Amino acid sequence: NAGVNAASCASFAQDEEWSYLVTAYLAVNSNEKILAVDGEKVEVVNYNASSDVALLRTRKDFASYVPLARREAEIGNIVIGCGISPHIGKVLSRGAIIGKFNDAYLTDGHVDYGFSGGGFYVFENGNPRLLGVALFKSKDGIISGISSVHVLRKLVKDAGLEGKLR
């Protein structure tokens with residue numbers, strides 16, 4: 001049974017029935033539509049292979065969530081990321097946005113191979129918001145960075161979920 005490491009996912013919304021998560025597409029790149037996160041069944045709802053992002057859903061009470069950022073990040077915004085490094089284990093990373101390349105933010109924070117799919121957060125009015133997920137390598141040539149929040153919003157919209165999530 002295929003699986004995704006829960007620390008490599010970020011929960012960002014719920015509806016009446018489901019919790020929604022995002023991760024790196026490479027973490028779920030298989031023919032299976034049903035995967036496992038910490039033993040819990042999750043379904044692949046949508047994905048963008050070229051941006052290396054996948055939208056997942058699982059039962060509603062699986063995880064608390066941090067909503068998506070309301071706007072794109074700007075150079076200098078502080079970001080906090082979490083993921084798993086194969087060399088270190090669970091890692092919390094702090095950095096700043098230092099640029100943008102295609103649909104990804106560049107950061108001076110630590111992004112390692114195992115970080116792919118882990119959440120990166122920005123603070124808006126003192127509240128954390130999911131900005132994107134860690135990318136270690138994408139088809140656009142990014143070595144390490146963060147997926148853009150507009151890519152995540154497009155996944156939600158293309159899945160027919162826009163305006164239906166809280």
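Source: prediction; values computed, not measured.
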Donor-acceptor pair, T107 side chain versus A96 backbone, under 3.5 Å? yes
Using side-chain contact (heavy atoms from CB on, under 4.5 Å), reason through K100 and E72 one step at a time and then give a plain yes or no. CA-CA 11 Å; K100 192 164 182 187; E72 292 289 325; 3.4 Å; yes
Look up atom CG in L152 and atom OG in S147, then write down how far apart they are to the nearest 0.5 Å. 4.5 Å
Test question: given the 4.5 Å side-chain rule for I, L, V, M, F, W and Y, name all other residues clustered with F123, or answer none. I80, L92
Can you give the donor-acceptor pairs under 3.5 Å from side chains of residues 125-134 to other protein atoms, not counting sequence neighbours?
from: R129; atom 1: NH1; to: L68; atom 2: O; distance (Å): 3.4

Would you kindly say whether S50 and N48 are connected by a side-chain donor-acceptor distance under 3.5 Å? yes
Hydrophobic cluster membership, with links at side-chain heavy-atom distances under 4.5 Å among I/L/V/M/F/W/Y: are Y65 and L161 in one? no
Judged by atom type as modelled, is there a donor-acceptor pair below 3.5 Å linking the side chain of T23 to the main-chain atoms of A54? no
Is it true that a side-chain atom of E124 and a backbone atom of R70 form a donor plus acceptor pair closer than 3.5 Å? yes
Short side-chain to backbone donor-acceptor contact, D158 and L155, under 3.5 Å: no
Let me see the working for L106 and I97 under side-chain contact (heavy atoms from CB on, under 4.5 Å), right down to the final yes or no. CA-CA 6 Å; L106 305 176; I97 298 298; over 6 Å; no
Counting only heavy atoms not in R153, do more than 12 fall under 6.0 Å of its CZ? yes
Looking at OH of Y121 and SG of C82, how far apart are the two atoms once the value is rounded to the nearest 0.5 Å? 4.5 Å
Tell me, with the steps shown, if I146 and L135 meet side-chain contact (heavy atoms from CB on, under 4.5 Å). CA-CA 5 Å; I146 306 165; L135 304 172; over 6 Å; no
In terms of heavy-atom contacts, I78 and R94 come closest through CD1-NH2, 3.7 Å
Smallest heavy-atom separation, V149 atom then A69 atom, equals CG2-O, 3.7 Å
Separation between NZ (K157) and NE2 (H150), nearest 0.5 Å, reads 11.5 Å
Please walk me through it: do Y25 and V53 pass side-chain contact (heavy atoms from CB on, under 4.5 Å)? CA-CA 5 Å; Y25 175 66; V53 180; 5.8 Å; no
Tell me whether the rings of Y20 and F12 are parallel (<30°), tilted (30 to 60°) or perpendicular (>60°). tilted
To the nearest 0.5 Å, what is the distance between CG (L21) and CD (E43)? 12.0 Å
With distance as the sole test, does N46 use its side chain to make a donor-acceptor pair with the main-chain N or O of L55 at under 3.5 Å? no
Side-chain (R59) to main-chain (K41) donor-acceptor, under 3.5 angstrom: no
Closest approach of G119 to A10 (non-hydrogen atoms, all atoms of both residues): CA-CB, 3.8 Å
